[in-house]
Amino acid sequence: MASGKAIDLVKNELPVYEESVVLSGNVRTGLVLVDIVNGFCTVGAGNLAPRVPDKQISGMVDESTQLARVFCEKKWPVFAFLDSHHPDVPEPPYPPHCIIGTDESNLVPGLQWLENESNVTLRRKDCIDGFLGSVEKDGSNVFVDWVKKHQIEAIVVVGICTDICVLDFVCSTLSARNRGYLTPLKDVIVYSGGCATFDLPLHAAKNIPGALAHPQELMHHVGLYMAKSRGANVVSQVSFGASNK
């Protein structure tokens, strides 16, 4: 883990001013869950899963599950990405993970109920960026179609990893929005408590050929900072209010 002084220095020099958001029916809002699958979240489930219980990851799962339940109770649209790879198609620099047909590529146990919800769209993707992973062979995009079908004006994004799959998806979505491909989408909201990343301290990375150090708290902050710098609204609290419609 990075030293407390290093983390404090980064947070002081690159602060992320987090807000709060109240969601209501006045703005059509969708929830996007990024890769909350066993292969990234369940202890011992695979090469990229945590080796021991991880507070940040388990907290992300809990927060995401609570949000998903409220969205489903309200029948608001939910889009869930599931990292799913073919065994003969590598994704460097990462080792094999979340292979299609294995439990690694399935939603964590606490979210498997989503598969039976009528307002939920599941998308298996074979790349880091879910926006690109939504492109079909005919050039259409499942995520873009979902936004347009439901006339979504704002999305709340949660999942793992804050600085990798979540960040890549957020950046591509913001670029597509800016180019007018995602009308009527306006706001991309990243809920910090609903995001997490993995921990690979420097001393551990040194023993893995080709690995880069990835201190969890520091890289989580960097991911949030980069998302905000690209135009996302990073929030520390999500609540629900009554609609005026």
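Index from 1, following the sequence.
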Nearest heavy-atom approach of Ala49 to Asn38 is CB-O, 4.0 Å
Q. Just checking, is any N or O donor in the side chain of Thr197 or His220 under 3.5 Å from an acceptor N or O on the other one?
A. no
His97 and Asp83 side chains, donor-acceptor separation under 3.5 Å:
yes
Original post:
Should Asn47 and Tyr94 count as side-chain neighbours, where that means a heavy-atom distance under 4.5 Å?
Top reply: no
Query raised in the report: Is the NZ or CZ atom of Arg69 positioned over Trp113's six-membered ring, under 6.0 angstrom from the centre and within 45° of the axis?
Result: yes
Hey, quick one: are Ile189 and Val70 part of the same hydrophobic cluster, counting side-chain heavy atoms closer than 4.5 Å, chains of contacts allowed?
yes
Exercise. Regarding Asp163 and His221, is there a side-chain donor-to-acceptor distance under 3.5 Å anywhere?
Worked result: no
Salt bridge (Lys or Arg N to Asp or Glu O under 4.0 Å) pairs touching residues 177-195, sequence neighbours excluded, are none
Next item on the list: Look at the side chain of Ser84 and the backbone N and O of Leu82, then say whether any donor-acceptor pair between them is shorter than 3.5 Å.
Entry: yes
Within a strict 4.5 Å, meaning less than it, do heavy atoms of the Val157 and Tyr191 side chains meet? no
Test ring pair (Phe, Tyr, Trp, His ring centres under 6.0 Å) applied to Phe143 and Phe169, step by step = CA-CA 11 Å; Phe143 172 71; Phe169 167 74; 5.1 Å; yes
| Do Asn106 and Arg124 have side-chain atoms, one donor and one acceptor, less than 3.5 Å apart? | yes
Quiz item: Are Lys74 and Trp76 in a cation-pi contact, defined as NZ or CZ under 6.0 Å from the six-membered ring centre and within 45° of the axis?
Solution: yes
Sorted by chain and number, sequence neighbours left out, salt bridge (charged side-chain N to carboxylate O under 4.0 Å, His left out) with Arg123 holds for Glu136
